[in-house]
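Take a look at the structure set out below.
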Amino acid sequence: MLDKKFILENAATVQANCDRRGVTVNVAKFVESETVRREKQLEVEQLNRQANEVSKSIGKAQDAEEREARKAEGRRLREAKDAVQAEVDRLAAEAAEVQREIPNLTHPDAPVGGEKDALELRLGATPKPEFDFAPLDHVELAEKHDLIDFEAGAKVAGAGFYFLKNEAVLLELALQRYALDILLAAGFTPVITPDLARTEILSGIGFQPRGPETQIYSVENTDLNLVATAEITLGGMLADKILDADELPLRVCGVSHCFRTEAGAAGRASRGLYRVHQFTKVEMFAFTTPDGSEAMLDELCGLECQLFDGLGVPYRVVDTATGDLGGPAYRKFDLEAWMPGRGEAGEYGEVTSTSNCTDYQARRLGIRYKSKGEKGTTFVHTLNGTAIAISRAMIAVLENYQQADGAIRVPEVLQPWVGKTQIG
RNA sequence: GGAUGGGUGGCCGAGUGGACUAAGGCGGCAGUCUUGAAAACUGCUGACGUGGCAACGCGUCCGGGGGUUCGAAUCCCUCCCCAUCCGCCA
C-alpha cells in the first residue's frame, strides 16, 4: 500500500494514477477521513498527556482527600480520551478501507491502456518453428503419448486438475532442475516453501483471500490458504524483519505448488494445461534498496529470457499496460511463449511475469533495512518473477518440439534429467 | 490430540501495580591508545507518529484483542504463535 502521508500530500497524482489504471477509488474520501483523524488524534494525545500528569501526581498527594480528587480528575480525563479515541478509530478504519484499494504508483514508461495495449519490447533468440504438417496442440500430444490424464484429474479433484504421467513427470522435474541450476549460478538462494500461508501474509503481498472474486482457496476452520504463488511465502519469509543494507540485494528462488480457483475463467483459451487449479512453479524474488529495483527488474527479466532461450522456445517480451497491472506492481514485464497449438494457427501465451512492486508490499509486510551509521529505517523494494511455471512451460515445449512423425524431441538442456532425446 | 514452559528493543535477556524515563550483555557508531589494525578503555545507540530550522518536546508501542485501575510489561479474560516431552504418523 501507499504511505498515508504521501497520499495526503499527492492526492491529485494518486487519483490520476488510479484512473489511468482503471481502478475506482475515492481518494478525496481518504483525504477527508485522514485529515480529521489527525486532528482528533492530537486531541487524544493532549488528553493522554494530562491524564499521565495527574496519575504521576497521585503518589505525591498530601492527604486522602486530595488523592481522591485527583483520581476523579484522572478518571474524567481518561473517559474524555476514550470518547475521542473511538472517533479516531472509526475514521482510521474508514481511511484504511480506501487506502487498501489504492494501487501502487506506475512507472512513467509503462504503456497506458488495457490488455491489448501491452507493448512488445523484443523477441527471443529462437524463431517460430516452421511445420510442414498440421501441428497438434498439447492436449492431443499428451493423449497420443499418455502424458496427462485430465479425465482422472476431473474425477478425483474436479475440472482443472490433472495427473501427469510418464515423460511428463520427468519433464516437470527436469524443468525444475534446469531453472534451479541457472538461478543458483545467478546467486539465488534456493528455497522450498510451504504451500499454505496465513491470511495476513497473503494480504501483505496484495491478495485478498476472503473476497467474493478471490483466486485463493482457503482451508475451512483455519486461517490458512493454499498459496497461488511462492511470491506469497517468499515475501512473507522476511516479514517484520529489519535487514542490513549490506545484505541487499537479496535474491531467493522458491519452489512451490500454486493453487488458483480461476473463478469465472473458462473456454477454448483455457484448454488443457493452460489454466489449471494446481501447478508447480519456480519463482524468483528479490529484496533491494529503492535505487536498486529498476536494475533488478531488468535482471529478473533477463533471467527469464535466458531460461526460455536455453529451452529453445520462441517468445516475445511485453511491457504490461497500466490497466492490466496488479495492485502492487509498479511495472511488469511478461514473457509470452509461442504456442503452435493455441488458437487457430498458433498464439502467444503468457509463461512468465516479473514485477517491480517498489515498497508497496514491504510497507504492509514491514520489511525494512538499515544503513550502517545512519539512524532510521527504510522500506525495501520487492520484486518477483516467474522462473518456470511448469504447466505453461510444458505446453510450450510439447507444442514447439513436435515432429512430423508425431514424436516430441526433448530440449537439449533437459535431456540430462529426462534421460532420453525424444518422447515416442 | 494430551501435558508443561514461553512470546520484552537489530539480537540475547532481566523485570509480578507508581522514577519502567525497560537493567545488563551482544552487535552497531564515535573517540582515546596504536605506524595501521586488533585488544582494552570512554561515550553514544529501539521503532512509529506528531510539533520544531534546530536543540529538544509530546504521544503510542513489551505476541493480538478486550477488561480491572487515577495508573499495567506486571493483575484478569480471550485468541494467536513458539518450544519441549508424550501419543499418532510419512
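Order of the sequence lines sets the chain letters (A, B, ...), proteins ahead of strands, with each chain counted from 1. Since the structure is predicted, the reported quantities are computational estimates derived from the model, not experimental observations.
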Answer yes or no: is there an ion pair linking A:Lys332 with A:Asp319, defined by an N-O contact shorter than 4.0 Å?
no

Tell me yes or no: between the side chains of A:Lys281 and A:Ser256, is some donor less than 3.5 Å from an acceptor?
no

Go ahead and name the base partner of B:rC62; Watson-Crick or wobble counts if both distances stay under 3.5 Å, otherwise write none.
none

Taken in chain and number order and not counting sequence neighbours, the residues that satisfy ring-ring contact (aromatic ring centres under 6.0 Å, His included) with A:Tyr360 are none

With rounding to whole Å, what would you report as the distance between B:rG67 and B:rG71 at their P atoms?
12 Å

Contact list for RNA chain B against residues 72-81 of chain A - heavy-atom distance below 4.0 Å:
A:Gly74, A:Arg75, A:Arg78

Note: for A:Arg198 and A:Gln50 on RNA chain B, the residue whose nearest nucleotide lies more 5' is A:Gln50

The reported gap from CG in A:Leu170 to CG in A:Leu414 (rounded to nearest 0.5 angstrom) is 11.0 Å

Between A:Arg177 and A:Asp181, is the closest basic N to carboxylate O distance under 4.0 Å?
yes

Using the P atoms only, state how far B:rC89 lies from B:rG17, rounded to an integer number of Å.
48 Å

Starting from C1' on B:rG65, measure out to CG on A:Asp89 and report it in whole angstrom.
12 Å

Pick the P atom in B:rG10 and in B:rU45, then give their distance to the nearest Å.
15 Å

Which base, if any, makes a Watson-Crick or G-U wobble pair with B:rC89, both distances under 3.5 Å?
none

Assigned partner base of B:rG51, Watson-Crick or wobble definition, under 3.5 Å
B:rC56

Are A:Pro290 and A:Thr378 packed together at the side-chain level, in the sense that at least one heavy-atom pair is separated by less than 4.5 angstrom?
yes

State the pairing partner of B:rA83; accept Watson-Crick or G-U wobble contacts with both distances under 3.5 Å, and report none otherwise.
B:rU4

Using 4.0 Å as the upper bound for N to carboxylate O, is an ion pair formed by A:Lys56 and A:Glu53?
no

Rounded to whole angstrom, note down the P distance from B:rU68 over to B:rC76.
15 Å

Distances under 3.5 Å between protein N/O atoms and the N/O atoms of nucleotides 50-56 of chain B, please, pair by pair.
unit_1 : atom_1 : unit_2  : atom_2 : d
B:rU50 : OP1    : A:Arg38 : NH1    : 2.8
B:rU50 : OP1    : A:Arg38 : NH2    : 3.0

Rounding to an integer number of angstrom, what distance separates B:rG59 and B:rC53 when you compare their C1' atoms?
23 Å

Mate of B:rG43 across any strand shown (Watson-Crick or G-U wobble, both atom pairs under 3.5 Å) is B:rC29

C1' atom, B:rU60 versus B:rA73: distance in rounded Å?
14 Å

Before accepting this row, confirm whether a basic side-chain N of the pair A:Glu262/A:Arg275 lies closer than 4.0 Å to the acidic partner's carboxylate O.
yes

Measuring only the C1' atom in each nucleotide, how far is B:rC77 from B:rU84? A whole number of Å is fine.
27 Å

What distance, rounded to whole Å, do you find between the two P atoms, one in B:rC88 and one in B:rA14?
35 Å

Under 3.5 Å, which protein N or O atoms sit close to an N or O of nucleotides 18-20 of chain B? Give each pair with its distance.
unit_1 : atom_1 : unit_2  : atom_2 : d
B:rG18 : N2     : A:Ser55 : O      : 3.0

Rounded to the nearest 0.5 Å, the CD atom of A:Gln215 sits from the NE2 atom of A:His277 at a distance of 9.5 Å

Could you work out which one of B:rC81, B:rG59, B:rA47 sits closest to the side chain of A:Lys370?
B:rA47

A:His107 and A:Glu294: side chain donor to acceptor below 3.5 Å
yes

Name the pairing partner of B:rG24, where a pair is Watson-Crick or G-U wobble with both distances under 3.5 Å, or state none.
B:rC12

Is it true that A:Glu73 and A:Arg70 make a salt bridge, defined as a side-chain N closer than 4.0 Å to a carboxylate O?
no

Counting the atoms with a prime plus P, OP1 and OP2 as sugar-phosphate, which does A:Arg368 contact under 4.0 Å by heavy atoms, base, sugar-phosphate, or nothing?
sugar-phosphate

By salt bridge (charged side-chain N to carboxylate O under 4.0 Å, His left out) - contacts of A:Asp19 (at least two apart):
none

With the side chain counted from C-beta on, respond yes when A:Glu350 and A:Tyr274 share a heavy-atom pair under 4.5 Å apart, and no when they do not.
yes

Taking the side chain as every heavy atom from C-beta outward, state whether A:Asn400 and A:Pro340 have any atom pair closer than 4.5 Å.
yes

Do the side-chain N and O atoms of A:Asp195 and A:His257 include a donor-acceptor pair separated by under 3.5 angstrom?
yes

B:rG17 -> Watson-Crick or G-U wobble partner, both distances under 3.5 Å, gives none

Interface with RNA chain B, restricted to residues 222-249 of chain A and to heavy atoms under 4.0 Å
A:Ile242

